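Only a predicted model underlies this, so the values are computations on that prediction, with no experimental measurement involved. In what follows, chains are A, B, ... by sequence order, proteins preceding strands, each numbered from 1.
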Number of protein chains: 2
Amino acid sequence: MTEMSSATIADVAKRAGVSSATVSRVINRNYPVATSTRERVEAAIAELGYVANAHARALAGSTNRTVGIIINDVVDPFYAYIARGVEREATVHGRLCMVCCTQGSHEKELALIDLLHEQRADAVILVGGAHEDRAYAAEVGRRARALHTAGSTLVLCGRPSLGDDVPTKVVEYDNEGGAFAITDYLITQGHRRILFLGGPPSLSTTIARLAGHRRALEMRGLAQAKELVHTGSFNRRFGYDKVRALLAEGLDFTAIFAANDTVAAGVMQALELAGVSVPEEISVVGYDDVPVAQELRPQLTTVRIPLEEMGRQAVRLALGVAGESDYLAPVQTTTRVGTSIVVRGSVAPPR
Amino acid sequence: MTEMSSATIADVAKRAGVSSATVSRVINRNYPVATSTRERVEAAIAELGYVANAHARALAGSTNRTVGIIINDVVDPFYAYIARGVEREATVHGRLCMVCCTQGSHEKELALIDLLHEQRADAVILVGGAHEDRAYAAEVGRRARALHTAGSTLVLCGRPSLGDDVPTKVVEYDNEGGAFAITDYLITQGHRRILFLGGPPSLSTTIARLAGHRRALEMRGLAQAKELVHTGSFNRRFGYDKVRALLAEGLDFTAIFAANDTVAAGVMQALELAGVSVPEEISVVGYDDVPVAQELRPQLTTVRIPLEEMGRQAVRLALGVAGESDYLAPVQTTTRVGTSIVVRGSVAPPR
DNA sequence: CGGCAGCATGAAAGCGCTTTCTATCGCGCG
DNA sequence: CGCGCGATAGAAAGCGCTTTCATGCTGCCG
């Protein structure tokens with residue numbers, strides 16, 4: 001309590017009158033130690049306020065008992081829910097969780113993978129859609145291999161695989177299917193002219209959602225009007241601005257499929273301001289089912305993604321936790337979770 | 001790339017035909033190395049895909065270049081914004097950020113402080129109000145001392161100091177002042193019977209907000225009606241249920257001061273359902289100014305806390321980043337950030 | 001009563017780095 | 001021409017732990 005630097009295992013050993021090996025065994029409970037000795041050691045630990053040094057441990061042993069997660073932004077609920085799943089599942093497996101944010105920068109993302117590798121994280125979980133970019137993908141691939149060589153795992157969570165020759169694990173959700181389902185829902189409600197709004201055009205997430213949307217239109221024999229697709233970004237502002245502009249220019253549509261709930265919130269605000277009632281005049285749907293969907297009035301019909309579950313799956317996959325009956329199966333490398341529509345009050349048949 | 005375990009500094013040294021000391025110096029740039037040698041070493045590093053081992057480094061050197069933050073829940077915006085500040089400021093100072101969640105459990109919180117201590121984090125930041133509990137406070141104090149002894153720092157962020165004899169640093173916000181200000185605002189608008197709703201009664205946060213509320217009432221010479229104070233919890237459900245109940249029982253009030261924005265959201269929902277218009281019939285205010293405040297209709301008048309800034313300050317304080325001109329001042333140990341009212345549309349004079 | 005399981009403990013070799021402390025080389029200066 | 005010094009590089013000692021291997025001891029069987 002009074003010394004300026006922490007007690008080491010050797011200090012504890014001296015105080016308890018044993019060797020450091022014995023102290024280590026008491027701490028790790030991985031080897032029989034006489035009860036009396038154990039008690040003496042435990043007393044010494046308490047008296048000295050000894051706290052093990054995780055680095056020395058990681059160096060001597062092998063694993064650091066840590067998992068890393070790389071996301072865009074902790075404040076964004078989409079990422080926050082996944083992070084929560086990762087954190088909780090990591091805790092279940094006795095791991096600490098290092099959360100890193102890229103703020104959307106590829107460079108930072110790559111640097112963070114390296115940093116987490118240096119920390120010898122048991123797993124590095126990369127969350128969120130990826131932009132199409134060969135050079136970038138190659139860099140990620142290189143790091144996946146390095147991690148693999150070092151006995152760790154890169155998990156892609158919510159983005160497509162890098163190919164069979166890159167040693168990653170992946171947790172997917174049915175992005176395309178959700179978009180298909182909700183578009184089809186809109187169509188069965190009678191909508192024919194549906195505005196697709198938002199999402200960075202080169203992001204895998206946007207591409208998949210748009211693909212599902214188009215497939216539904218095609219299946220119902222509807223033409224895909226070019227003027228009805230406006231990609232851009234995932235923020236609220238985009239939804240707001242775009243709807244105001246499109247309304248002003250008099251574009252004809254009866255429903256809006258916002259690429260995510262945040263965009264939908266902007267859309268609803270613009271509609272409110274323009275005096276357009278939802279769902280009577282215009283129907284609106286979103287994607288993700290984050291809390292804002294339930295704050296909106298009317299509440300938003302959207303596609304639910306089991307975000308927290310994805311986070312949990314990512315760490316299970318990485319840590320190789322056995323699934324149901326796969327003790328003979330090859331190591332599992334991909335998990336896919338489903339999406340589902342959540343019907344609330346923002347959709348009605350067109351007038 | 002093909003070997004199964006990672007390359008070490010010794011491998012790099014051998015490949016470059018130098019000693020490991022030289023490799024270390026090339027990596028750390030903290031000692032002159034001839035250009036030709038440097039280039040040879042760098043080439044070897046690239047060829048081998050060498051990645052430093054942060055544990056060996058932390059063990060040999062001293063700091064782990066890591067800060068830990070302990071919060072209730074990543075998904076809660078109150079914590080998420082603080083976490084964002086911590087993460088960003090940590091990044092600025094070249095630190096990695098370990099985020100841990102307690103889910104409200106004291107035991108888990110204490111265990112996490114220990115875990116972060118084991119990881120030799122440069123700082124451990126404990127976020128959020130604290131329950132009054134002497135035994136618990138003593139445990140936290142013990143850990144603060146242990147951390148201090150080990151050369152690290154425990155930072156209390158948004159909770160009161162443990163006393164001068166406990167070596168912590170603290171980042172406060174003017175909790176009481178914000179509550180005072182917003183209550184006074186309500187009073188100057190003409191409200192006399194203000195319902196105070198929510199917040200765990202033994203939580204420091206609730207206590208401070210309630211104190212500010214009471215001080216404002218007193219200052220205006222208003223009696224504090226006992227039936228107008230209902231503490232409980234910080235969740236939406238509480239606000240919803242309580243308002244429904246109180247409305248049913250016919251309690252007389254013209255404004256509601258929700259202990260935080262989340263409770264206010266529940267309050268607004270209950271009011272909406274009961275057909276009570278806000279702010280015409282009842283005015284509502286909240287606390288925190290998290291995003292939901294702007295989603296509500298009408299938008300919520302509330303107290304803004306510079307959450308992200310608090311997170312940043314916590315890191316700066318812990319890392320001892322020099323403030324303005326304090327190179328002669330004693331080490332700074334407390335920072336206090338202000339709160340301010342944000343006026344939106346949820347308040348009007350009573351009828 | 002001797003010897004040999006078998007349990008409890010200790011000694012010591014690393015784990016992969018950083019960092020003194022030395023050693024070497026070439027050169028300028030007296 | 002010899003000496004000392006600056007500029008580089010290497011040797012080696014840890015950092016605090018885990019783990020293998022060796023050892024001492026108790027006690028039981030023959």
Side-chain angles (χ1 to χ4, degrees), chain A residues 3-42 44-45 48-66 115 117-120 149-152, chain B residues 3-42 44-45 48-66 115 117-120 149-152:
Chain A
E3 73 281 18
M4 188 48 212
S5 77
S6 320
T8 70
I9 216 174
D11 301 329
V12 175
K14 199 195 304 174
R15 174 144 195 153
V18 300
S19 72
S20 62
T22 301
V23 176
S24 170
R25 297 199 265 251
V26 167
I27 293 171
N28 294 297
R29 317 175 165 285
N30 56 3
Y31 201 85
V33 170
T35 309
S36 64
T37 311
R38 165 183 303 282
E39 282 165 358
R40 224 155 2 106
V41 170
E42 283 169 347
I45 289 178
L48 259 36
Y50 169 75
V51 177
N53 182 321
H55 298 301
R57 234 180 210 189
L59 189 56
S62 55
T63 166
N64 177 23
R65 312 237 97 206
T66 268
L115 223 52
H117 183 161
E118 285 187 16
Q119 298 288 329
R120 296 302 188 264
T149 297
S152 180
Chain B
E3 74 280 19
M4 188 48 212
S5 75
S6 319
T8 71
I9 216 174
D11 300 330
V12 175
K14 199 195 301 174
R15 176 143 192 154
V18 299
S19 73
S20 61
T22 302
V23 176
S24 170
R25 299 199 263 250
V26 167
I27 293 171
N28 294 296
R29 315 175 168 289
N30 56 3
Y31 198 87
V33 170
T35 310
S36 65
T37 312
R38 166 182 303 284
E39 281 165 358
R40 222 153 4 102
V41 170
E42 282 169 347
I45 288 177
L48 260 37
Y50 168 75
V51 177
N53 182 322
H55 298 302
R57 235 180 207 188
L59 190 56
S62 55
T63 165
N64 175 23
R65 312 237 97 208
T66 269
L115 222 52
H117 183 161
E118 285 187 16
Q119 298 288 329
R120 295 302 186 265
T149 297
S152 179

Which pair of non-hydrogen atoms, one from [X] and one from [Y], has the smallest distance, and what is that distance?
X: B:Leu59; Y: A:Leu59; result: CD2-CD2, 3.3 Å
X: A:Gln119; Y: B:His55; result: O-NE2, 3.0 Å
X: B:Ile9; Y: B:Ser20; result: CG2-CB, 3.7 Å
X: A:Ile27; Y: A:Tyr50; result: CD1-CE2, 3.6 Å

*If each of A:Pro32 and A:Ser20 is mapped to the nucleotide of DNA chain C with the nearest heavy atom, which maps nearer the 5' terminus, i.e. the 5' end?*
A:Pro32
Let me know the distance between [atom1] of [X] and [atom2] of [N], rounded to the nearest Å.
X: B:Leu59; N: C:dG16; atom1: CG; atom2: P; value: 12 Å
X: A:Tyr31; N: D:dT20; atom1: OH; atom2: P; value: 9 Å
X: A:His55; N: D:dC17; atom1: NE2; atom2: C1'; value: 12 Å
X: B:Glu118; N: D:dG16; atom1: CD; atom2: P; value: 15 Å
X: B:Gln119; N: D:dG16; atom1: CD; atom2: P; value: 16 Å
X: A:Lys14; N: C:dT9; atom1: NZ; atom2: P; value: 20 Å
X: B:Asn53; N: C:dG16; atom1: CG; atom2: C1'; value: 6 Å
X: A:Arg29; N: D:dT19; atom1: CZ; atom2: P; value: 16 Å

OP1, OP2 of [N] versus side-chain N and O of [X]: anything below 4.0 Å?
X: B:Tyr50; N: C:dC17; value: yes
X: A:Thr22; N: C:dG10; value: yes
X: B:Ser24; N: C:dT19; value: no
X: A:Ser19; N: C:dA11; value: no
X: A:Asn30; N: D:dT19; value: yes

What nucleotide, of [options], holds the atom closest to the side chain of [X]?
X: B:Ala60; options: D:dA9, C:dT9, C:dT18; answer: C:dT18
X: B:Arg25; options: D:dG10, C:dA8, C:dC17; answer: D:dG10
X: A:Ala21; options: C:dG10, D:dT8, C:dG14; answer: C:dG10
X: A:Ile9; options: D:dA9, C:dC17, D:dC17; answer: D:dC17

*Pick base, sugar-phosphate or nothing for A:Val23, based on heavy-atom distances below 4.0 Å to the nucleic acid.*
nothing
*CZ of B:Arg65 to CZ of B:Arg57: how many Å apart, nearest 0.5 Å?*
10.0 Å
*asked:* Quick check on DNA chain D: between B:Ala34 and A:Thr8, whose nearest nucleotide comes earlier from the 5' end?
replied: B:Ala34
